[in-house]
**Q** 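Below are the structure tokens for one structure; questions will follow.
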Amino acid sequence: MPNDMSPFPASDLAATLTARTQRYCARASALAVDPALTQVGAVNALDHLSSLQEDIRATRLHQSAAIRAERRQMEAPFKTLETDLANARSALSEALLRAAPDPTSGYGSVAQKTVCTTPDGPSTDVSLTSGAPQAVSASRALLDLEALRPYLSDTALRDALERYTKDGGNHDVAGVAYAVLPASAQLPCAIY
């Protein structure tokens, strides 16, 4: 990989980073299909790519600091209002669960289907007039993860695997293939 990590004038920085990124990516693409590529060569190339990515990130953060500060200042009053409203809604929602039940509303308990008799005959109706059942608490010990499996995104599964590995240093989850990679490698876990 090219090694041109020397500093450049600020006015040239974006163009220089663009040119370096294009060269690094072209070289990485060529190396990826090179049959003579060795593990040492791949690790060195990954280290260069990782270093360039960190340079780009640092430059982006440095140049956008003023914009972020101004944005925070402009958003502060609105965030305060939104936080106040969210807290008020949360407190009132908790109070709703503690309030004396009103059989005509159906709130506070799981919605039940009821059979009502009308002049036209019996009809099935849901007791909630508006709203829908929502999860208000969950027990990790009793939670049926199999029921939730179809709704867990690939990203959520990757995050859980990463945290499990980092927290316990374990590499023993059934159905997961592991490989030793350098720290500069970036290979998202494929979910099948």
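Quick caveat: nothing in here was measured; it's all calculated off a predicted structure. Numbering of residues begins at 1 and proceeds along the displayed sequence.
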**Q** If you measure from CG on Leu52 to NE2 on His48, what distance do you get to the nearest 0.5 Å?
**A** 10.0 Å

**Q** Distance-only, no hydrogens or angles: does the Ser50 side chain make a donor-acceptor pair with backbone N or O of Leu46 under 3.5 Å?
**A** no

**Q** Could you please spell out the steps behind the side-chain contact (heavy atoms from CB on, under 4.5 Å) verdict for Met74 and Arg71?
**A** CA-CA 5 Å; Met74 290 174 54; Arg71 181 178 173 187; 5.8 Å; no

**Q** Between Gln53 and Gln186, is the side-chain contact (heavy atoms from CB on, under 4.5 Å) condition met? List the steps.
**A** CA-CA 11 Å; Gln53 189 167 8; Gln186 188 175 8; 3.6 Å; yes

**Q** Examine the side chains of Ser64 and Arg60 and answer whether a donor and an acceptor come within less than 3.5 Å of each other.
**A** no

**Q** Evaluate the criterion side-chain contact (heavy atoms from CB on, under 4.5 Å) for residue pair Arg20 and Leu17; output intermediate values, then yes/no.
**A** CA-CA 5 Å; Arg20 284 177 61 200; Leu17 287 174; 4.0 Å; yes

**Q** Roughly how far, to the nearest 0.5 Å, is the CG atom of Leu161 from the CD1 atom of Ile191?
**A** 6.0 Å

**Q** With rounding to the nearest 0.5 angstrom, report the OG1 to CG distance, Thr59 to Leu13.
**A** 4.5 Å

**Q** Roughly how far, to the nearest 0.5 Å, is OH of Tyr164 from CG of Asp172?
**A** 3.5 Å

**Q** Can you tell me how far OG of Ser51 sits from CD1 of Ile56, rounded to the nearest 0.5 angstrom?
**A** 10.0 Å

**Q** Just do the salt bridge (Lys or Arg N to Asp or Glu O under 4.0 Å) check on Lys79 and Glu82 with the steps written out, would you?
**A** CA-CA 5 Å; Lys79 286 193 179 274; Glu82 290 170 346; 5.5 Å; no

**Q** So that I can tick it off, tell me whether Arg57 and Glu54 are bridged by a salt bridge, with the cut-off set at under 4.0 angstrom between side-chain N and carboxylate O.
**A** yes

**Q** Verify the neighbour count for atom CZ of Arg89: are there more than 12 heavy atoms of other residues, nucleotides or ligands below 6.0 Å?
**A** no

**Q** Is there side-chain contact between His171 and Val176, with at least one heavy-atom pair below 4.5 Å?
**A** no

**Q** Using only atom types and a distance under 3.5 Å, with no angle test, would you say the side chain of Ser90 pairs donor to acceptor with the backbone of Ala86?
**A** no

**Q** Where is the tightest heavy-atom contact between Tyr178 and Val173, given as atom of each residue plus distance?
**A** OH-N, 3.4 Å

**Q** Under a 3.5 Å distance rule, please check whether Thr80 uses its side chain to pair with a backbone N or O of Ala76 as donor and acceptor.
**A** yes

**Q** So among Leu37, Val43, Thr38, which one has a side-chain contact (heavy atoms from CB on, under 4.5 Å) with Val40?
**A** Thr38

**Q** Between CG of Asp154 and CG of Asp159, what distance do you get to the nearest 0.5 Å?
**A** 11.0 Å

